[in-house]
Amino acid sequence: MPYVDRQNRICGFLDIEENENSGKFLRRYFILDTREDSFVWYMDNPQNLPSGSSRVGAIKLTYISKVSDATKLRPKAEFCFVMNAGMRKYFLQANDQQDLVEWVNVLNKAIKITVPKQSDSQPNSDNLSRHGECGKKQVSYRTDIVGGVPIITPTQEKYKFMNNF
């Protein structure tokens with residue numbers, strides 16, 4: 001079951017198919033660190049490993065595009081979910097159904113791109129048409145797929161709003 005550690009990271013044990021399509025799952029200790037933008041795994045809890053032990057694997061959260069239940073894709077692997085990262089699919093197994101749901105939820109929440117809500121200090125389109133304000137900047141984003149990895153880049157464009165009265 002995932003839990004939050006003292007450094008505010010989500011941690012816990014999962015089984016991972018480290019070699020794609022091998023069907024062989026290995027027990028690993030996972031750490032979801034949103035501040036470091038990473039999902040890493042170790043042979044065991046790093047607290048139980050010798051000092052300086054390195055991680056077994058890692059994925060930048062920005063490379064993960066989707067996390068979903070995979071019990072239909074892998075019927076022999078109970079409580080299985082899939083993580084799409086670039087051109088690779090990582091299959092992971094949770095301990096039980098509740099564990100599966102929690103890991104899928106926390107991973108999807110961590111990879112979600114959030115756009116700040118419009119504050120009261122910024123005029124909305126109704127106010128713009130009534131007050132005739134011009135030259136407000138809006139940020140738009142462009143998404144390119146490079147080597148199977150989505151790259152999201154902000155672009156600056158000016159939109160002029162005119163008073164039609």
Trainee: Can you list everything that forms a side-chain contact (heavy atoms from CB on, under 4.5 Å) with Asn48? Sequence neighbours excluded, please.
Mentor: Asp44, Asn45
Trainee: Please name the pair of heavy atoms, one in Leu49 and one in Ser53, separated by the smallest distance, quoted to 0.1 Å.
Mentor: CB-OG, 3.6 Å
Trainee: Looking at CH2 of Trp103 and CG of Leu92, how far apart are the two atoms once the value is rounded to the nearest 0.5 Å?
Mentor: 9.0 Å
Trainee: Quick check for you: to the nearest 0.5 Å, what is the distance between Asp37 atom CG and Thr62 atom OG1?
Mentor: 4.5 Å
Trainee: Rounded to the nearest 0.5 Å, what's the gap from CZ on Arg6 to SG on Cys11? Could you check?
Mentor: 11.5 Å
Trainee: Side-chain contact, heavy-atom cut-off 4.5 Å: Pro2 with Leu14?
Mentor: no
Trainee: Could you tell me whether the side chain of Trp41 reaches within less than 4.5 Å of the side chain of Ile16, counting heavy atoms only?
Mentor: yes
Trainee: Please give me the minimum heavy-atom distance between Ala77 and Cys80, naming the atom from each residue.
Mentor: O-CB, 3.3 Å
Trainee: More than 12 heavy atoms of other residues, nucleotides or ligands under 6.0 Å from CD of Gln47: yes or no?
Mentor: no
Trainee: Indicate yes or no for a side-chain donor-acceptor contact from Gln93 to the backbone of Glu78 under 3.5 Å, with no hydrogens or angles considered.
Mentor: yes
Trainee: Remaining members of Phe91's ILVMFWY cluster at a side-chain heavy-atom cut-off under 4.5 Å?
Mentor: Phe25, Leu73, Val82
Trainee: Under the salt bridge (charged side-chain N to carboxylate O under 4.0 Å, His left out) test, which residues partner Glu18, sequence neighbours left out?
Mentor: Arg28
Trainee: So which heavy atom on Lys66 is nearest to which on Ile111, and how close?
Mentor: N-CD1, 3.9 Å
Trainee: Look up atom OG in Ser65 and atom CE in Met83, then write down how far apart they are to the nearest 0.5 Å.
Mentor: 10.0 Å
Trainee: Linking I/L/V/M/F/W/Y whenever their side-chain heavy atoms sit closer than 4.5 Å, directly or via other members, would Phe81 and Leu26 fall into one cluster?
Mentor: no
Trainee: Shortest non-hydrogen contact from Lys72 to Pro75?
Mentor: O-CD, 3.7 Å
Trainee: Could you tell me whether the side chain of Ile31 reaches within less than 4.5 Å of the side chain of Tyr42, counting heavy atoms only?
Mentor: yes
Trainee: Looking at residues at least two apart in the chain, or sitting in another chain, which of them share a side-chain contact (heavy atoms from CB on, under 4.5 Å) with Asn21?
Mentor: Arg74
Trainee: Using 30° and 60° as the class boundaries, would you call the ring planes of Tyr29 and Tyr3 parallel, tilted or perpendicular?
Mentor: tilted
Trainee: Would you say Gln98 and Leu100 make side-chain contact, with heavy atoms under 4.5 Å?
Mentor: no
Trainee: Start with the C-alpha gap between Val104 and Asp69, add the side-chain angles, then the distance that decides, and say whether side-chain contact (heavy atoms from CB on, under 4.5 Å) holds.
Mentor: CA-CA 7 Å; Val104 169; Asp69 188 318; 5.6 Å; no
Trainee: Can you tell me how far the CD atom of Glu102 sits from the CG atom of Asp96, to the nearest 0.5 Å?
Mentor: 8.0 Å
Trainee: Do the side chain of Glu17 and the main chain of Gly23 share a donor and acceptor less than 3.5 angstrom apart?
Mentor: yes
Trainee: Is it the case that the side chain of Ser38 and the backbone of Val40 share a donor-acceptor pair, with hydrogens and angles ignored and the cut-off at 3.5 Å?
Mentor: no
Trainee: Check salt bridge (charged side-chain N to carboxylate O under 4.0 Å, His left out) between Arg55 and all other residues, then give those that pass, not counting sequence neighbours.
Mentor: none
Trainee: Has the side chain of Asn108 got a donor or acceptor atom that lies under 3.5 Å from a matching backbone atom of Val67?
Mentor: yes
Trainee: Could I get the full list of side-chain contact (heavy atoms from CB on, under 4.5 Å) partners for Arg35, not counting sequence neighbours?
Mentor: Gln7, Asn8, Asp33
Trainee: Could you give the distance from CD1 (Ile64) to CG (Leu32), rounded to the nearest 0.5 Å?
Mentor: 8.0 Å
Trainee: Is it true that Phe30 and Phe39 have ring centroids separated by less than 6.0 Å?
Mentor: yes
